[in-house]
Amino acid sequence: MSKLLVLSGKGGTGKTTIALALINLFHSKAFADVDVDAPNLHLIVNPQSLANKKDFIGGKIVKIDQTKCIQCHQCEQACKFDAISNLKVNEYLCEGCLACVQVCPVSAIDVLDDISGETMTYDNQDNFFATAKLKMGRGNSGKLVTNVKEQLPEVKEISVIDGSPGIGCPVVASINGVDMVLIVTEPSLSGMADMERIIKTCEILDVKYMVCINRYDINMKITNKIQEYCKNKHITIVGEIPYDPNVISYQNKMINIINVETSAKASIVNMSHKIIEKIKEEESL
Ligand code: SF4
Ligand code: SF4
């Protein structure tokens, strides 16, 4: 089995649209959405058979038991995150370091599991889908990403994983253990800068990657720069998808663009063949 992770250095490049198209084209039997801060693949996949839903414990959180507290304020002084004020813990500021618990002279601070989000798996008749949602303001997104990926069963087809935008903790966690990364970029200054950052991340983490330029024809000047950059660094561009205004309207109707005729479709189909070739090439090395 090969795991293909679809990433973009920034949001809005069409990453999820392309991931979804590839899931269909590869007849993926196991796929996941690890964009845990803002998952949206489920909106179009619309999975029905929920197999498992469970709380994600991201760490510890504390609560002051007012019946035991003697109001010495030592916990406030010990907290380096200013999470305690007026003898109340701000759950959004608490980092779960437990320093306050250590200093409390009367053991008035309870330590609780911090339910930071939830994971969902769907076992449909011919495929398996894993996703998760992190609660607003919670950290540990990397741990949750790893948790989602671990739910994916081993299958012989290519497993597609829709990653997070950016280069932060969830992206690093999502790269770990995948066979190949597809970086979806767009021809804009920020798109190119973020592509370069994600390429550096892939190189540091020593994972194979390739590039796709989505809506390549909206700014040929920057597309040429991306092509030049990739050529100089011997990076394979597996796809150049033309801008197609119909794509957005199909997305709004929750329609996978592979199921309708769009000018982008042929390019994505062509790209899917190149990705398979590239994966086979890497596997044979
Ligand atoms: S656990 Fe750490 S961060 Fe949270 S309130 Fe206590 S000292 Fe502050
Ligand atoms: S250290 Fe303990 S007793 Fe003192 S204020 Fe904090 S919770 Fe209350």
Side-chain angles (χ1 to χ4, degrees), residues 5 7-12 15 32-42 50 52-121 130-152 161-178 194 197-198 200-202 204-205 207:
L5 173 67
L7 288 180
S8 61
K10 68 187 276 296
K15 171 181 63 64
D33 184 356
V34 297
D35 184 0
V36 296
D37 287 296
N40 56 6
L41 193 56
H42 63 282
L50 183 66
N52 200 330
K53 182 175 185 173
K54 54 183 180 192
D55 288 339
F56 165 67
I57 311 295
K60 296 293 179 190
I61 198 160
V62 295
K63 190 174 180 198
I64 295 174
D65 183 342
Q66 303 294 343
T67 62
K68 292 186 191 164
C69 177
I70 56 170
Q71 304 189 358
C72 68
H73 294 273
Q74 286 186 54
C75 53
E76 289 182 4
Q77 289 152 19
C79 182
K80 301 291 180 213
F81 302 96
D82 292 330
I84 306 177
S85 171
N86 297 323
L87 300 178
K88 289 220 167 64
V89 179
N90 182 331
E91 63 173 296
Y92 296 106
L93 296 178
C94 177
E95 292 285 331
C97 70
L98 308 188
C100 52
V101 178
Q102 297 291 322
V103 300
C104 180
V106 292
S107 302
I109 303 177
D110 296 327
V111 181
L112 311 167
D113 282 340
D114 181 23
I115 299 170
S116 313
E118 57 184 8
T119 57
M120 284 80 66
T121 55
T131 184
K133 178 134 186 63
L134 193 68
K135 265 192 196 170
M136 196 173 65
R138 289 302 200 273
N140 278 321
S141 48
K143 198 172 159 191
L144 182 52
V145 165
T146 302
N147 192 308
V148 175
K149 284 195 326 182
E150 284 172 353
Q151 317 268 344
L152 281 184
I161 301 168
D162 185 17
S164 313
I167 57 163
C169 177
V171 171
V172 172
S174 60
I175 288 175
N176 187 28
V178 301
D194 288 341
R197 291 195 314 160
I198 200 79
K200 277 188 194 142
T201 307
C202 289
I204 290 167
L205 296 173
V207 63

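Both ligands and their constituent atoms are indexed starting at 1 by order of listing. Numbers for residues simply follow the sequence, beginning at 1.
- At distances below 3.5 Å, not a single donor-acceptor pair connects side-chain atoms of Gln151 with backbone N or O atoms of Ala32.
- A distance of 4.5 Å separates OG of Ser174 from CG of Leu5, quoted to the nearest 0.5 Å.
- Residue contacts with ligand 1, taken as heavy atom pairs separated by less than 4.0 Å, do not involve Ile61 at all.
- Around atom 2 (Fe) of ligand 1, the protein N, O or S atoms closer than 2.8 Å are Cys97 SG, listed by chain and residue number.
- With Asp33 contributing its side chain and Asn40 its backbone, the two residues share a donor-acceptor pair below 3.5 Å.
- Using a 4.0 Å cut-off to heavy atoms of Ile109, the atoms of ligand 2 that qualify are 7 (S).
- For the side chain to side chain contact (heavy atoms under 4.5 Å, CB included) test with Cys75, the passing option among Val62, Val101, Val89, Ile84 is Ile84; the others fail.
- When atom types are taken as modelled, the side chain of Lys149 and the backbone of Val178 share no donor-acceptor pair closer than 3.5 angstrom.
- Not a single donor-acceptor pair under 3.5 Å links the side chain of Asp113 to the backbone N or O of Ile57.
- Pro105 and Cys72 get closest at one heavy-atom pair: CD-SG, 3.8 Å.
- Under the 3.5 Å distance criterion, the side-chain polar atoms of Ser164 are matched with a main-chain donor or acceptor of Val34.
- Atom numbering of ligand 2 starts at 1 in the shown order; those under 4.0 Å from a heavy atom of Ile64 are 7 (S).
- Within ligand 1, counting atoms from 1 as listed, the ones closer than 4.0 Å to a heavy atom of Ile84 are 5 (S).
- A donor-acceptor pair under 3.5 Å is absent between the side-chain atoms of Lys53 and the main chain of Glu118, judged by distance alone.
- No donor-acceptor pair under 3.5 Å is formed between the side chain of Lys68 and the backbone N or O of Val106.
- Taking both residues in full, the closest heavy atoms of Tyr92 and Met136 are given as CE2-O, 3.5 Å, listed atom of the first, atom of the second, then distance.
- Within the protein, the N, O or S atoms sitting under 2.8 Å from atom 4 (Fe) of ligand 2 are Cys72 SG.
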